[in-house]
Colleague: 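Just passing along the structure, written as structure tokens.
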There are 2 protein chains.
Amino acid sequence: MNKTKVRNLAATRVTASTHADPLQSLDRIDRAILRQLQTDASISNVALAAKVKLSAPACLRRVERLKESGLIRGVVALIDPKAAGAGMLVIIGVVLDRSTPESFAEFEKAAQKVAGCMECHVVTGEFDYFMTIRTRDSDSFNRLHAEQLLYLPGVRQIRSFMVLKEILSTTRFPL
Amino acid sequence: MNKTKVRNLAATRVTASTHADPLQSLDRIDRAILRQLQTDASISNVALAAKVKLSAPACLRRVERLKESGLIRGVVALIDPKAAGAGMLVIIGVVLDRSTPESFAEFEKAAQKVAGCMECHVVTGEFDYFMTIRTRDSDSFNRLHAEQLLYLPGVRQIRSFMVLKEILSTTRFPL
DNA sequence: CTTGAAATACTACTACG
DNA sequence: CGTAGTAGTATTTCAAG
């Protein structure tokens with residue numbers, strides 16, 4: 001009885017507050033669901049329900065609540081880069097010529113169109129941007145570098161850090 | 001009839017060769033499937049089949065083949081970091097004291113245990129490693145920095161690049 | 001080796017207690 | 001939240017290209 005009350009409260013808080021720390025308002029079961037779905041979301045709802053020791057409808061309701069609350073941003077298939085012929089990863093530090101809003105906007109617009117660009121972030125420190133780019137091999141990166149990166153607008157300097165070994169690369173979020 | 005021949009060839013190559021460029025051996029339908037699943041894998045198989053203009057069983061077989069071939073590494077739920085109370089992203093460049101195998105191994109082992117560490121790569125250039133870490137805010141990062149990062153084994157220097165704005169962050173692979 | 005149609009088994013989903 | 005019932009889906013079988 002009391003147990004039920006606590007669960008409802010927890011579930012309500014999720015949908016209510018998107019800010020603060022929504023993670024704190026998740027109970028043990030919600031966390032177990034998120035952990036599982038972050039690892040393998042192709043699991044069926046009944047199997048998931050069994051894992052978290054819940055009935056199927058109750059489990060489904062929680063999953064849908066987590067999606068609607070925005071905590072689960074989406075469910076996607078991950079492609080193995082190496083198998084897809086893009087085993088090379090390069091991290092790029094970019095310094096712009098001028099630090100004007102126009103300069104930044106122009107660069108960002110162009111950067112998103114760079115083939116294989118997976119990430120692009122504005123950062124503090126000695127660089128203006130960090131980008132990560134997936135490509136096939138050093139030849140293809142060299143081509144990309146010469147044909148696209150060097151022509152990005154307003155760029156003063158580009159420093160490339162070739163990734164020799166990927167120790168860790170996860171989409172999983174610690175709960 | 002020629003069309004069928006090409007498709008068969010394509011499908012065979014996928015399961016056969018994991019190297020080379022498996023993407024080249026995928027036909028139009030496989031690419032459409034991958035594009036869709038990378039965007040939203042929560043779609044039902046019948047809906048996916050309709051999108052790629054195929055019968056449900058045929059579509060399901062292709063999806064399973066793509067999984068078995070390793071091209072689809074997995075299907076996962078993505079959590080919104082901000083909603084999960086980890087809206088801050090920091091990129092860290094690490095320089096080790098000594099460049100010995102033991103030194104690298106020890107660091108890598110410890111780095112994977114850092115709370116919120118999403119990526120860790122060995123790189124060429126002025127750094128030995130790049131790591132990306134998700135955390136709540138500057139306070140929590142400062143704590144992490146003082147309590148964990150500074151105690152990573154064999155570290156000579158750590159340079160932090162705070163991410164001010166995430167322009168692009170995708171798991172989607174260009175096909 | 002693939003495709004699509006039909007049949008079966010299972011699952012998601014709804015209504016209700 | 002759980003139980004029971006319904007609708008829809010995944011999955012297998014099989015015949016055909």
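Just so we're on the same page: letters track the sequence lines, and every chain starts at 1.
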Colleague: Scan nucleotides 5-17 of chain C nucleotide by nucleotide, 5' to 3', and note B when protein non-hydrogen atoms come under 4.0 Å of the base, S if they reach only the sugar-phosphate, - if neither.
Modeller: B-----SSSB---
Colleague: Please report the closest heavy-atom contact between B:Val63 and B:Ile72, naming both atoms and the distance.
Modeller: O-CD1, 4.5 Å
Colleague: With A:Glu106, which residues qualify under side-chain hydrogen bond (donor to acceptor under 3.5 Å, both in side chains), at least two apart?
Modeller: none
Colleague: Using whole Å, report how far CD1 of A:Ile29 lies from C1' of D:dG2.
Modeller: 13 Å
Colleague: Rounded to the nearest angstrom, tell me the gap between atom NZ in B:Lys53 and atom C1' in C:dT3.
Modeller: 17 Å
Colleague: Taking OP1 and OP2 of C:dT2, is either one under 4.0 Å from a side-chain nitrogen or oxygen of B:Arg62?
Modeller: no
Colleague: Send over the distance from A:Leu54 CG to D:dG2 P, rounded to a whole Å.
Modeller: 5 Å
Colleague: Could you label the plane-to-plane angle of the B:Phe130 and A:Phe130 rings as parallel, tilted or perpendicular, counting under 30° as parallel and over 60° as perpendicular?
Modeller: perpendicular
Colleague: To the nearest 0.5 angstrom, please state how far the CG atom of A:Leu89 sits from the NE2 atom of B:His121.
Modeller: 5.0 Å
Colleague: Which class fits the ring pair B:Phe127 and B:Phe161: parallel under 30°, tilted 30 to 60°, perpendicular over 60°?
Modeller: perpendicular
Colleague: State, yes or no, whether a side-chain contact exists between B:Thr39 and B:Arg172 at a heavy-atom distance under 4.5 Å.
Modeller: yes
